[in-house]
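Notes to accompany the following structure.
Order of the sequence lines sets the chain letters (A, B, ...), proteins ahead of strands, with each chain counted from 1.
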There are 2 protein chains.
Amino acid sequence: MPPNTSPAVVLERAAAACTARGLAFTPIRQRVLQLLLEHGKGLKAYDLLALIKAEQPGATPPTVYRALDFLTEHHLAHKIERNATFVACTQENHVEPSLFLVCPKCSAITELQDRSVMQALCRALAAAGHQLDNPEVEIGATCPNCKGS
Amino acid sequence: MPPNTSPAVVLERAAAACTARGLAFTPIRQRVLQLLLEHGKGLKAYDLLALIKAEQPGATPPTVYRALDFLTEHHLAHKIERNATFVACTQENHVEPSLFLVCPKCSAITELQDRSVMQALCRALAAAGHQLDNPEVEIGATCPNCKGS
DNA sequence: GGCATGGATGTAATGTTATAACATCGCCCT
DNA sequence: AGGGCGATGTTATAACATTACATCCATGCC
Ligand SMILES: [Zn+2]
Ligand SMILES: [Zn+2]
Ligand SMILES: [Zn+2]
Ligand SMILES: [Zn+2]
C-alpha cells in the first residue's frame with residue numbers, strides 16, 4: 001500500500017482512469033473528489049454541498065449527489081452507509097473487494113484489502129447457499145489512535 | 001440453528017430475556033418486535049409506523065424509533081444500515097458478533113454466526129492496528145432464491 | 001450550416017429517514 | 001403525600017436523498 005499518497009497524485013490517477021475509460025471527469029466531479037481527498041476523513045453530502053456552495057453559489061443537493069454517484073459508480077470514491085459519509089478511494093486501481101474499517105469514536109475510515117478474510121467470507125457464504133455480491137464491507141473497528149482511550 | 005423458529009417462540013424468549021435483565025418489555029416494544037417477526041424481511045421505520053398507526057392513531061416517529069432503539073440496544077433486533085431497515089434477531093441469545101447477509105435483489109436478510117470468518121477478520125484488523133468494535137457486519141450477498149436469476 | 005442526439009448541469013420541489021425538546025403519565029420507593 | 005425515574009405523548013425540525021423537468025453544449029451526421 002502506498003503510504004499517504006498525496007491528493008494531487010490520486011487526482012492525476014483518477015483523471016487518467018477516466019480518460020482511459022472514456023468518462024467525463026468534469027470540474028464538479030474533480031472538485032468533489034479533491035474535497036474528499038483533502039479532508040481525508042469522509043464527508044457528509046451536505047457538508048460537501050456547503051463547501052461547493054462557497055465557490056459556486058448555485059449548487060444544490062443534486063449537484064453534489066450526481067458527482068458522488070459518478071465517483072462511487074466508478075470506484076473513485078465510496079459511500080460509508082453506516083454514517084452516510086463519502087470517502088475517496090485510496091486504492092491505486094480498485095477492483096477487488098475492500099474492507100472499510102470505520103472507527104466508532106473518531107469516524108476515521110481505513111480502506112483495506114485482505115485476501116484471507118475474503119476467502120473465509122466466501123467460504124461461509126457458500127456454505128449458507130449465498131454468493132458474495134457487493135464488494136464493499138463495512139466493519140466497526142476502533143482505530144489505532146482511539147484504541148488507548 | 002433452529003430452522004424457522006416461530007414468531008411466538010421468539011417473542012417468548014425475548015420476554016424472558018427482558019425479565020431476566022430487568023428490562024421493561026412494554027406493549028409497544030413487544031408489538032414492534034412482533035411486527036418485525038411477522039414480516040420476516042426487514043421493515044423501514046416508517047412502514048412500521050404506518051402499521052402501528054393503524055392500531056394506535058396517535059403514534060409518531062419517536063414512538064417507533066424509541067422502540068427500535070430499545071430492541072437494537074438489547075440485541076432483540078438489528079438495523080441494516082445499507083437500506084435503513086430493521087429486522088428481528090434470529091439468534092437464541094445474541095452475544096457473539098453476527099454477519100448479516102443482505103440480498104441485493106430481494107432484500108432478504110440472513111443472520112449468520114461464523115467463527116472462522118470472525119477470526120480471520122480480527123487477525124486482519126489487528127495487523128492493521130485496529131480492534132473490532134461493532135459486532136455487526138453487513139455483507140451484500142445474493143440469497144439462494146435469487147441466485148439463479 | 002442545420003439539426004438531432006445524448007450526457008452534464010441548473011433549478012424547484014418533494015420525499016424519506018431520524019432526532020430534539022419538552023410535557024405528561026405511572027410506577028416504585030420513602 | 002412527595003420525589004425520582006423510565007416510558008410515552010406531542011410538536012416541530014433536522015438531516016439525508018431523489019424526482020422531474022428545463023437548459024446547455026459537444027459531437028456527429030445530413
Ligand atoms: Zn476503493
Ligand atoms: Zn478513531
Ligand atoms: Zn442477532
Ligand atoms: Zn434474494
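- When each of B:Thr63 and A:Ala45 is assigned the nucleotide of DNA chain D with its nearest heavy atom, B:Thr63 is the one assigned upstream, toward the 5' end.
- At the phosphate of D:dG6, neither OP1 nor OP2 sits under 4.0 Å from any side-chain N or O atom of B:Arg66.
- Taking atom CG on A:Leu71 and atom P on C:dA8, their separation rounds to 12 Å, with Å as the unit.
- Side-chain polar atoms of B:His75 and B:Gln91 form no donor-acceptor pair below 3.5 angstrom.
- Checking the phosphate oxygens (OP1, OP2) of D:dA17, a side-chain nitrogen or oxygen of A:Tyr65 falls inside 4.0 Å.
- Under the 3.5 Å distance criterion, with hydrogens and angles disregarded, no donor-acceptor pair is assigned to the side chains of B:Gln131 and A:Thr142.
- Looking at A:Tyr46, its side chain comes within 3.5 Å of the base of D:dA17 through a donor and an acceptor atom.
- Each of B:Ala67 and A:Ala84 has a nearest nucleotide on DNA chain D; the 5'-most of these lies closest to B:Ala67.
- The listed nucleotides are C:dT9, C:dT11, D:dA7; the one nearest the side chain of B:Ala24 is D:dA7.
- We find that CG of B:Asp47 is positioned 10 Å from P of C:dT16, with the value rounded to whole Å.
- Note on A:Glu81: nothing from the nucleic acid sits closer than 4.0 angstrom, heavy atoms only.
- For the atom pair CG of B:Leu76 and CG of B:Leu23, the computed distance is 8.0 Å after rounding to the nearest 0.5 Å.
- Residues A:Phe70 and A:Gly58 both approach DNA chain C. Their nearest nucleotides, taken by heavy-atom distance, put A:Phe70 toward the 5′ side.
- Residue contacts shown for A:Ala59 are absent, as no nucleic acid heavy atom lies under 4.0 Å away.
- We find that CG of A:Asp69 is positioned 15 Å from P of C:dG7, with the value rounded to whole Å.
- Considering only side-chain N and O atoms, A:Lys44 lies nowhere under 4.0 angstrom from the phosphate OP1 or OP2 of D:dA15.
- Look at B:Arg82 and A:Glu81 and you find no salt bridge, because none of the NZ, NE, NH1 or NH2 atoms lies under 4.0 Å from a carboxylate O.
- Using a cut-off of 4.0 Å between Lys/Arg side-chain N and Asp/Glu carboxylate O, B:Arg115 and B:Glu96 are scored as salt-bridged.
- Whole-Å rounding puts the A:Leu49 CG to D:dA15 P distance at 13 Å.
- Regarding B:Leu23, its CG atom lies at a distance of 12 Å from the P atom of D:dG6, rounded to whole Å.
- The distance from atom CZ of A:Phe25 to atom P of C:dT9 is 12 Å, rounded to the nearest whole Å.
- Residue A:Leu43 contributes atom CG, which lies 16 Å from atom P of D:dA15 at whole-angstrom precision.
- OP1 or OP2 of D:dG9 has at least one side-chain nitrogen or oxygen of B:Gln56 nearer than 4.0 Å.
- Regarding B:Leu68, its CG atom lies at a distance of 11 Å from the C1' atom of C:dA18, rounded to whole Å.
- At the heavy-atom level, A:Thr26 lies under 4.0 Å from the strands shown only through sugar-phosphate atoms.
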